[in-house]
Amino acid sequence: MKNALVILAHPNFAESRGNQALIEAIQTLPSVKIQNLYEQYPNWQIDVPVEQELLRHHDLIVLQYPLQWYSVPPLLKKWMDDVLTYGFAFGTDGISLQGKELMPVVTAGGTSDMYIAGGAVNFTISEFLRPIQQTAHYCGITYKTPFVVHGLLPKALAASGTITDEQLLKESKRYQHLLQEYIAS
Ligand SMILES: Cc1cc2nc3c(=O)[nH]c(=O)nc-3n(C[C@H](O)[C@H](O)[C@H](O)COP(=O)(O)O)c2cc1C
């Protein structure tokens, strides 16, 4: 039996559609701990020992966030900078994360057909996730296939590719099953 730590980084979770739906689907799962960074650290003063202790005690690290300018929201970047330190995550004696697994869970406004060479966005989500993939590798963590939900456009921009409530529910269940299976493995 394994456990999972979900590092949730949404700058405006109260207004979220996608991430709220995903969190609702997993929040009552046993062995899943959700750490909501923007709620926990409104002043951005991350408690590094607390975060490192959480990481130490979990097998799977999920980084869940809305894609922002093809990257992570700023507090998640700060979390990485502050928490993944020399001597903890890498370097001499920095072996605390070795053998763990990491899965990005990303929501995007753009539809999947945009994220393709020659498409509106030109690059795949996997390409935009390379810094996270390599960070995991550098820390001795196994990188798992990202879980991506597309078409989460704001109401004002909603277009034909916008994900329906039905599709979003299906994706949320898929996320739930993925974590359930991981925990049971
Ligand atoms: C500052 C900002 C930057 C964004 N950049 C991107 C982007 O680079 N690519 C994209 O597909 N969507 C982008 N979006 C859209 C968000 O990814 C989308 O609103 C979010 O994933 C929806 O999830 P939610 O319903 O949980 O808020 C951006 C949104 C904001 C506010």
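Ligands are counted one by one from 1 in listed order, and the atoms in each one are counted from 1 as well. On a predicted model such as this, the values are computed, not experimentally measured, just so you know.
Relative ring orientation between Phe128 and Tyr70 is described as parallel, the plane-to-plane angle staying below 30° on a 0-90° scale split at 30° and 60°.
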Indicate every side-chain donor-acceptor pair of residues 107-125 with a distance under 3.5 Å to a residue at least two apart or in another chain.
| residue | atom | partner | partner atom | Å |
| --- | --- | --- | --- | --- |
| Thr107 | OG1 | Asn19 | ND2 | 3.0 |
| Thr111 | OG1 | Asp113 | OD1 | 2.5 |
| Asn122 | OD1 | Gly118 | N | 3.4 |
| Thr124 | OG1 | Glu127 | N | 3.1 |
| Thr124 | OG1 | Glu127 | OE1 | 3.2 |

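Residues Phe147 and Tyr175 place their aromatic rings such that the two centres sit under 6.0 Å apart.
Applying the salt bridge (Lys or Arg N to Asp or Glu O under 4.0 Å) test to residues at least two apart or on different chains, the pairs with a partner in residues 140-150 are Glu101-Lys144.
Each of His10, Ser16, Arg17, Gly18, Asn19, Pro66, Leu67, Gln68, Trp69, Tyr70, Thr107, Ala108, Gly109, Gly110, Tyr115, Leu152 has a non-hydrogen atom positioned under 4.0 Å from some atom of ligand 1.
Judged by distance alone, with hydrogens and angles left aside, the side-chain atoms of Lys77 form no donor-acceptor pair with the main-chain N or O of Val72 at under 3.5 Å.
Listed by chain and residue number, nothing satisfies the salt bridge (charged side-chain N to carboxylate O under 4.0 Å, His left out) test with Asp47 (two or more places apart in sequence, or in another chain).
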